[in-house]
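Heads up: the structure comes next, in structure tokens.
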Amino acid sequence: MEKNNLDSLDTIFQDKVDREIKIEPKDYMPDAYRKTLIRQISQHAHSEIVGQLPEANWVTRAPNLRRKAVLLAKIQDEAGHGLYLYSAVETLGADREDTIDDLHEGRAKYSSIFNYPTLTWADMGMVGWLVDGAAIMNQVPLCRCSYGPYARAMVRVCKEESFHQRQGFEIVTQLAQGTPVQKEMAQEALNRWWWPALMMFGPNDADSTHTAQSMKWKIKRHTNDELRQMFVDATVPQAELIGLKIPDNDLKFNEETGHYDFGEIDWDEFWQVVKGYGPCNTERVSARKKAKEDGLWVREAANVYAEKRARRNKKVS
Amino acid sequence: MSKIEWPLWEVFIRSKQGLSHKHVGSLRAADEEMAINNARDVYTRRSEGISIWVVESKNVVASDPSEAGPLFEPANSKAYRHPTFYEVPEGIKHM
Ligand SMILES: [Fe+2]
Ligand SMILES: [Fe+2]
């Protein structure tokens, strides 16, 4: 296409975005917008799928049948979220299996939070309360994302997430109000999960390379620091109410701003985990690779069976 | 990794009697039976549907958005198809 022509298409595109008209799969979109979305949506999908692993670790050891059923339902939802998102990414012309191979070959990332281990049952509470809580902060504004299929997938996801957060908070609350040993278990889990949860919102705005462009395209509606602040403001009073202490000595309500001030995040740890040196990075990716390889024969067999059935049906008719 | 993929299916759900099926997304499945079962698990975990349609994506024929202007132009120039086009005299009721 001629350069002038492309320029005017880009102008029309940005104008639509500015007027809050959704971009749909077959509409014109700049290559960079498409690439950004493929990267973001596939990595979001990978996060949902990898996110099942730390919770799967506790399914067989859930303290009772109710907890087990709830945990299973939650994990099944996460699988569903991954599938909604792979479906959205395919509307952009990306191939689902290619994006999955990108994950397996280390070319794609997923949320760093899932590289932390789940050591006690209290971690199931923290994951639901804090990790799903932070995910909700990120995902609610994505329901208004400029790309239609992503926005619609997020609407479905957000409807399901609030159960995830509540079941987690219920676990934490019960432990916090239980025996001294149980309360200690909850506090210890909070100590481990608080900072990684804050890191889920990504680098500070000053160090975030993609934010400005993503906001212009209305893929993103709030900056990382804005979302992080919203999360802190929402979560601190919840911790106080159930008698747990946020592990941050600099945490203090600021009367002037109406927000909580909080301490500095350990960015070295953040980048270490992002770069693959977190406690569970290797384990997570190899679990996903193994699942794909072990399931290969099933996919092959199902294809052969489908072909055979189609042939048989043809003969009958 | 060798590439064995299942075909892509578009999923349509009727949420309750009296409403049309509505597109909800897509999924991968080896055949139509598996597509229906997967659609149930992926898109109706909270009783969002009472009926499912699946159509293999490659069978969907769609209009081209870049041709939307000329395609829909005939309707744009016919304002007289809308009731608001007509002036109803003051005092006229039930019209
Ligand atoms: Fe999720
Ligand atoms: Fe969740």
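This structure is a prediction, so every number in the text was calculated from the model and none was measured.
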> Atom CD of E5(B) and atom CD1 of I100(A): how far apart are they, to the nearest 0.5 Å?
Replying inline: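 If we round to the nearest 0.5 Å, E5(B):CD and I100(A):CD1 are 8.0 Å apart.
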task = Would you give the length of the straight line joining atom OG of S63(B) to atom NZ of K26(A), rounded to the nearest 0.5 angstrom?
result =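 With rounding to 0.5 Å, OG (S63(B)) is 8.5 Å from NZ (K26(A)).
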- Option in E48(B), E33(B), M34(B) with maximal non-hydrogen atom pairs under 4.5 Å from chain A: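 Between E48(B), E33(B), M34(B), the count favours E33(B).
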Contact part of [X] toward chain B, heavy-atom cut-off under 4.5 Å: side chain, backbone, both or neither?
{"X": "Q76(A)", "answer": "both"}
{"X": "E90(A)", "answer": "side chain"}
{"X": "Y305(A)", "answer": "side chain"}

Looking at R46(B) and D77(A), does any basic side-chain N land under 4.0 Å from a carboxylate oxygen?
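Here R46(B) pairs with D77(A) in a salt bridge, since their nearest N and O are under 4.0 Å apart.
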Original post:
Does a salt bridge link R309(A) with E32(B), judged by any charged N lying under 4.0 Å from a carboxylate O?
Top reply: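 Judged by the 4.0 Å cut-off on N to carboxylate O distance, R309(A) and E32(B) do form a salt bridge.
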Exercise. In this structure, are over 12 heavy atoms from other groups packed under 6.0 Å from R39(A) atom CZ?
Worked result: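 Above 12, so yes.
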field: K78(B) NZ: over 12 foreign heavy atoms closer than 6.0 Å
entry: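 Result for NZ/K78(B): enclosed.
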key: Atom group of A62(B) that falls short of 4.5 Å from chain A, counting heavy atoms   =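 The answer is the side chain of A62(B).
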### Task
Side chain from CB out, backbone as N, CA, C, O: work out which of these in S26(B) comes under 4.5 Å of a heavy atom of chain A, or both, or neither.
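For S26(B), heavy atoms of backbone and side chain both lie under 4.5 Å from chain A.
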Just wondering, do L27(B) and L83(A) contact through their side chains at under 4.5 Å, heavy atoms?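 No. Closest side-chain heavy atoms not under 4.5 Å.
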* Asked: Counting only N and O atoms by type, is there a donor-acceptor contact under 3.5 Å from the side chain of R152(A) to the main-chain atoms of G25(B)?
  ->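 It does not hold such a pair.
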Margin query: Has Y84(A) got a side-chain atom pairing as donor or acceptor with V42(B)'s backbone, closer than 3.5 angstrom?
Written below: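 Judged by distance alone, yes, a pair lies under 3.5 Å.
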